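One structure below.
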Amino acid sequence: MSSHFLGKVKFNETRLAADLTTLAVAEFSSAYSDFACGKWEACVLRNRTGMQEEDIVVSHNAPALATPLGKSLPYLNELVEAHFDCSAVRYIRIVRVSENACIIPHRDYLELAENFTRIHVVLDTNSNCSNTEEDKIFHMGLGEIWFLDARLPHSAACFSKMPRLHMMIDFEANESPEAFLWNVEKQVTIRDVVDPRKELTDEVLESILGFSTIIGESNYREIVSILAKLHFFYKVDCRSMYDWLKEICKRRGDPALIEKTDSLERFFLGHRERGEVMTY
């Protein structure tokens, strides 16, 4: 697995709670909502221009500027300044994933001229929150800092009633993720990663493919949402949902759904144009 733990920070719980209270009433953007199965939302703390309404990531090579919301979060700003190379920061966003929501398995930066290096800082989480990368599943703990290899197929989910909250920082891409950090607690021992998921049996697979009897334009997105979540519970690659969906549509024999599924896979895993939005 390319994504990995980088270090940990010890929060001042009182000061963090004050900033989280500010975020609780902040306006989150609907940008990238086509990536969401359920409620996934983000707000921008630093970006290319410092303007709050700039919520789409674009390639640029200058240090990120604080937005009005970013300036209103003194503790998070201090954390960033104390632990990261701000000259290399290009974007900072707060990402909130709510109850029973996930991100459709995808690759990032496909629409950009260049990649970034993405790091997550976990501000609030619980044991029912997970990330995946290809066929692996992992949990990012409170206060932990992780490199997320966004170039690889991946997803994230929250299956609890309490949302999870991450600070997601994009850096320039010409250094290793470790080069952007300082003053953090490093991992002393390698943690055993236990995969809690079930094996995918032939019986379960045939049940999944049984969606072919009911799939149509009116419920296509709902079925996509179900398929996108299954790899959090079964030991399969996150990309499997596209294979299942293609077979479901093939069995249904609907050319329009087959074409839509090909477009979906192309957009999330293969190639997408700058500013392109996927409707399904």
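Everything quoted here is computed from the prediction, not taken from an experiment. Excluded from the calculations below are hydrogen atoms, water molecules and symmetry mates; all remaining heavy atoms, backbone and side chain alike, are included.
Leu112 approaches Phe116 most closely through the heavy-atom pair CD1-CE1, 3.7 Å. Minimum heavy-atom separation, Ala156 to Asn131: CB-ND2, 3.6 Å.
A donor-acceptor contact shorter than 3.5 Å is absent between the side chain of Asp19 and the backbone of Leu16. Here the side chain of Asp34 pairs no donor or acceptor atom with the backbone of Val277 at under 3.5 angstrom. Panel note: side chain Thr21, backbone Ala17; a donor-acceptor pair is recorded below 3.5 Å.
Taken to the nearest 0.5 Å, the CE atom of Met140 stands 6.5 Å off from the OG atom of Ser3. Expressed to the nearest 0.5 Å, how far CG of Leu110 lies from CZ of Arg266 amounts to 10.0 Å. Taking OG1 of Thr67 as the start and CE of Met51 as the end, the distance is 11.0 Å to the nearest 0.5 Å.
With contacts defined as side-chain heavy-atom distances shorter than 4.5 Å, the pair Met241/Val224 qualifies.
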**Message:** What verdict does the side-chain hydrogen bond (donor to acceptor under 3.5 Å, both in side chains) test give for Thr132 and His231, after you've listed the backbone C-alpha separation in whole Å, the side-chain angles of each residue and the deciding distance to 0.1 Å?
**Reply:** CA-CA 8 Å; Thr132 57; His231 76 282; 2.8 Å; yes

**Request:** Start with the C-alpha gap between Asp124 and Arg96, add the side-chain angles, then the distance that decides, and say whether salt bridge (charged side-chain N to carboxylate O under 4.0 Å, His left out) holds.
**Result:** CA-CA 9 Å; Asp124 196 8; Arg96 184 166 62 199; over 6 Å; no

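Between Lys235 and Glu199 there is a salt bridge, with a side-chain nitrogen of the basic residue lying less than 4.0 Å from a carboxylate oxygen of the acidic one. Here Glu99 does not pair with Lys39 in a salt bridge; the nearest charged N to carboxylate O distance is not below 4.0 Å. Under the 4.0 Å criterion applied to side-chain N and carboxylate O atoms, Arg46 and Glu81 are assigned as salt-bridge partners. A salt bridge links Asp170 with Arg93; the closest basic N to acidic carboxylate O contact falls under 4.0 Å.
Exactly one of Arg118, Arg151, Glu114 qualifies for a side-chain hydrogen bond (donor to acceptor under 3.5 Å, both in side chains) with Tyr109. That residue is Arg118.
Both the sub-6.0 Å distance and the 45° axial angle are satisfied by Arg221 relative to the ring of Tyr280.
The aromatic ring centroids of Tyr91 and His60 lie less than 6.0 Å from each other.
Between the side chains of Thr261 and Tyr220, at least one donor N or O lies within less than 3.5 Å of an accepting N or O. Under 3.5 Å, the side chains of Glu178 and His4 contain a donor-acceptor pair of N or O atoms.
Open room surrounds CG on Asp202; 12 or fewer heavy atoms of other groups in view lie less than 6.0 Å from it.
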